[in-house]
Amino acid sequence: MSAGQDWTTRTAAELADALAAGEVTSVELTQAHLDRIAAVDGSAIEGVHAFLHVDAEGALAAARASDERRAAGSPATFLDGVPIAVKDVLTTEGMPTTCGSRILEGWVPPYDATVVARLRAAGLPILGKTNMDEFAMGSSTEHSAYGPTRNPWDLERVPGGSGGGSAAAVAAYEAPLALGTDTGGSIRQPGAVTGTVGVKPTYGGVSRYGLVAMANSLDQVGPVTRTVLDAALLHELVGGHDPRDSTSVDQPLPDLVGAARKGATGDLSGLRVGVVTELQGEGYQAGVQARFTESLDLLVAAGAEVVEVSCPQFVHALAAYYVLMPSEASSNLAKFDAMRYGLRVLPEGVPDPSAEEVMRATRDAGFGDEVKRRIILGTYALSSGYYDAYYGQAQKVRTLISRDFEAAFAQVDVLVSPTSPTTAFRLGEKLDDPLAMYLNDLATIPANLAGVPGISVPAGLAEEDGLPVGFQVLAPALADDRLYRVGAALEAALHARWGGPLTPPELPAGLDRREGASA
Ligand code: GLN
């Protein structure tokens, strides 16, 4: 293992400590991650393909500035100089933002998303933009117009979605930290199937300004990391009130890092944990269920009281989501009209095309099948005569799901379930079966509908296939600190058992396309 690769296996907190101790520079760290990206990311045909765009120059310039600040004795934050990857649905000034879609190919935003601006102000070099299902629609990253990302645990398998790029980048040591977005599970489910930590914060807890919206009432930005503490550090850095987002919560975040540190001591006495009856059993892979039960035992050993809690309306969450989400998406995607930005396709054989004709040709060429499917679904659900029957009904179900959460949180402090019903499936396995694809989000969607926060923590490998399993913790809105306390306690118990974090197998040689690299 080269010295460079060694730095890439450290956690963000360890890297920040090493920077503070003067053991390494940000330029060295950033270069080590750029080297790793060059060595394993390859293309969509082979390699992890976590990145759609790598900004080596920009990242190294930010790293040099970070080193200068530190030399002058004034680092901006604890994480100053630690590199990060950003999902390609967040706008980045001067860096392409495609949302995994052809329709935004070549678009370079004139502004930074608030979370990106906060990363830059905090001194984190941005390595690049990560791959995703087109407009964040999917659970496998196979709906990216630029080809799929592969799971570092098994390159023939999907890394989950829509944020498979961010999760795979972190799992494959291409980045110590990443940002994702979660509308129905797109941070937590990829986290589960790649053995990484993923957090969907409370709705309104992290700014959505500059997040290209799929479904505004469900979308949240959140951290993707290898440890619970790293997630807390990143969450505190990007979270908190933003006057540019009208849904942003105007109150300070709870002490997330403090909660993670407290949890890591392994003491959960006094904590009441509710196992959601409806989020287990039939449809959940045996190895997923086994790791889940084992994690529950560890929580009990840490002093928590575990009870079963029923949330009867959760069985309708998926159906409600697939009415509400396409409805909002169909309205959001109307702005891609070929007039303002991105792709413009002129219809063939039409000498003097109207704006409508250009729009039609552009959308036909620019949007993929899944996006078209959801625009049609959403437009139908919102059309006059059907609005009450579909959209109105789904909103009522959404209220009932929020009430289930309220009733549950009157009895327990957190709710738990497996994050995803199965481990990573094979590339192509569910691509032609939208319903099978949608079922991956069974356990993650209720949190988005109710706006409550959730975390997925690696819970080990399923016995039957040796692939990562995620353990989900849900907390009441604004109590994100509970996720970190419980997550860190579970992680500490599991790491003690495994002798450290989960480590994917070495990636095969021959992915390195750099000049002089041995193939
Ligand atoms: N997989 C879900 C969907 O396809 C969730 C996506 C997301 O959270 N962005 O809509």
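FYI, the numbering just counts along the sequence from 1. One-based numbering, in listed order, for ligands and for the atoms of each. Computation of the quantities below employed the complete heavy-atom set of this structure, encompassing side-chain atoms and omitting hydrogens, waters and symmetry-equivalent molecules. Only a predicted model underlies this, so the values are computations on that prediction, with no experimental measurement involved.
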Asker: Under a 4.0 Å threshold between the charged nitrogen and the carboxylate oxygen, would Arg150 count as salt-bridged to Glu156?
Answerer: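 Salt bridge between Glu156 and Arg150, a charged N being under 4.0 Å from a carboxylate O: yes.
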Asker: Asp219 side chain to Asp182 main-chain N or O, any donor-acceptor pair under 3.5 Å?
Answerer: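 Not confirmed, Asp219 side chain does not pair with Asp182 backbone.
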Asker: For ligand 1, which atoms sit closer than 4.0 Å to a heavy atom of Ser162?
Answerer: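 What qualifies from ligand 1 is 9 (N).
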Asker: Out of all atoms in ligand 1, which are within 4.0 Å of some heavy atom of Gly138? Include the element for each.
Answerer: 1 (N), 2 (C), 3 (C), 4 (O), 6 (C)
Asker: Heavy atom under 4.0 Å from ligand 1: found in Lys200's side chain, backbone, both, or neither?
Answerer: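 Within the 4.0 Å criterion, Lys200 makes no contact with ligand 1.
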Asker: For the pair Asn131 (side chain) and Gly147 (backbone), establish whether a donor and an acceptor sit closer than 3.5 Å, ignoring hydrogens and angles.
Answerer: yes
Asker: Taking 4.0 angstrom as the limit, do Arg373 and Glu370 come out as a salt bridge?
Answerer: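 Looking at Arg373 and Glu370, the cut-off is met.
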Asker: Parallel, tilted or perpendicular: which fits the ring planes of Tyr391 and Tyr387, with parallel below 30° and perpendicular above 60°?
Answerer: tilted
Asker: Please could you name the atoms of ligand 1 that Asp441 approaches to less than 4.0 Å, counting only its heavy atoms?
Answerer: 1 (N), 2 (C)
Asker: Tell me the contacting part of Gln189 for ligand 1: side chain, backbone, both, or neither, using a 4.0 Å heavy-atom threshold, strictly below.
Answerer: neither
Asker: For ligand 1, which part of Tyr321 has a heavy atom less than 4.0 Å away: the side chain, the backbone, both, or neither?
Answerer: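 Side chain only; the backbone of Tyr321 stays clear of ligand 1.
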Asker: Please classify the Ala136 to ligand 1 contact at 4.0 Å (heavy-atom distances, strictly less than): side chain, backbone, both or neither.
Answerer: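 It is both backbone and side chain that touch ligand 1.
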Asker: Does Phe51 have its ring centroid less than 6.0 Å away from the ring centroid of Tyr146?
Answerer: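 No, the ring centres sit 6.0 Å or more apart.
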Asker: Just let me know how Tyr322 lines up against ligand 1, side chain, backbone, both or neither, with a heavy-atom cut-off below 4.0 Å.
Answerer: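 For Tyr322, the contact with ligand 1 is made by the side chain alone.
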